[in-house]
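Report on one structure; see the data block that follows.
Only this structure's heavy atoms are used, side chains among them; waters, hydrogens and symmetry mates stay out. Counting starts at 1 for both ligands and their atoms, following the listed order.
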Amino acid sequence: MSDLFSLHGQVALITGASRGLGLAMATAMAEAGALVVLNGREPATLEAAAKTLRARGLKADIAAFDVSDFAACERHIAAIAQKHGRLDCVVLNAGINHRRPLLEWETEDFLRVLNINLTGCFVLAREAARVMIPAERGRIIFTGSVMGIVARPTVHAYAAAKAGLAGMGKTLAVELAPHGITVNTICPGFFDTEMNTTLTQNPQFDAFVKSRCPLGRWAQPEELGGAAVFLASHAGSYVTGHMLVVDGGLTINM
Ligand code: GCO
């Protein structure tokens, strides 16, 4: 049983891993035995997170770069594979949100969200595939969202990017399957993260989440860890092109 979910000997890059869902998934993967490479923009924050993991006897390294700097994405994937001799899994999770009524949206803001949440993931997936294809195995995991499935107002670029990831996850799954690479999209529901503080602190939104979601509460970041370990490990070997919804039942509730 433990072998089924083991990531021992594997190297995984997790983007957006200084905090929130990225750090929670990285922690779970490190606990499953992986050497996790934490990505984010601030080296000091990343180093602190890596230090906390290492203090627990887990394996962690950092790679500080902005996922919307596409040249940096290319350089860093190559450097990680070179440094560690392999790259088994990428969890492409870094993301931002921008919430405005439609008529207040600047086109620039739309493009900024897409660059980080979607195009950066495309570039990183492509570069990871460059390493994984010769190895004839690999796991690519996107952090999508229930917002790629259902809708709420104001989060136009975020929803476009998350639906885009799920769609691209399927084309990549089909194209990369012959190379032994699986590609899946985890679709979180409403999690109690820093990115969502404006929502968790809004009494109306808080009440909405609690009533709309059958489990009746926000999720804690740790509750996403198992999904990442499952898709990265042998347990998920026959799962590809899938959207794994982790939303407390929100999207199946009428
Ligand atoms: C929003 C939230 C998102 C949600 C996400 C659910 O404004 O919709 O900020 O980050 O948490 O869409 O996965």
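Between the side chains of T198 and R99, at least one donor N or O lies within less than 3.5 Å of an accepting N or O. A side-chain donor from one of H84 and D61 sits under 3.5 Å from a side-chain acceptor of the other.
Atom CD of E31 is separated from atom CG of L58 by 6.0 Å, given to the nearest 0.5 angstrom.
Tracing side-chain contacts under 4.5 Å through hydrophobic residues (I, L, V, M, F, W, Y), one never reaches F191 starting from M147; they form parts of separate clusters.
Nearest non-hydrogen protein atom to atom 6 (C) of ligand 1 is G189 O, 3.2 Å. At the shortest separation from atom 11 (O) of ligand 1 among protein heavy atoms lies N196 ND2, 2.8 Å. Closest to atom 12 (O) of ligand 1, if we only count protein heavy atoms, is S145 OG, 3.0 Å. The single protein non-hydrogen atom nearest to atom 4 (C) of ligand 1 is F190 CE2, 3.6 Å, given as residue, atom name and distance. In terms of protein heavy-atom proximity, atom 9 (O) of ligand 1 is closest to R99 NH2, 2.3 Å. Annotation: atom 8 (O) of ligand 1 to nearest protein heavy atom, R152 NE, 2.9 Å.
Applying the salt bridge (charged side-chain N to carboxylate O under 4.0 Å, His left out) test to pairs two or more places apart or on separate chains, those with a residue in residues 8-25 are R19-E42, R19-E194.
Not a single N or O atom of V155, backbone or side chain, sits closer than 3.5 Å to an N or O atom of ligand 1. Here's the thing with M147: none of its N/O atoms is less than 3.5 angstrom from an N/O atom of ligand 1.
A salt bridge does not link R112 to E106: none of the charged side-chain nitrogens sits closer than 4.0 Å to a carboxylate oxygen.
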Subject >> Residue pair T182, L231: steps toward the side chain to side chain contact (heavy atoms under 4.5 Å, CB included) verdict >> reply: CA-CA 9 Å; T182 67; L231 292 173; over 6 Å; no
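Contact between Y158 and ligand 1 is present, with at least one heavy atom of the residue lying under 4.0 Å from the ligand.
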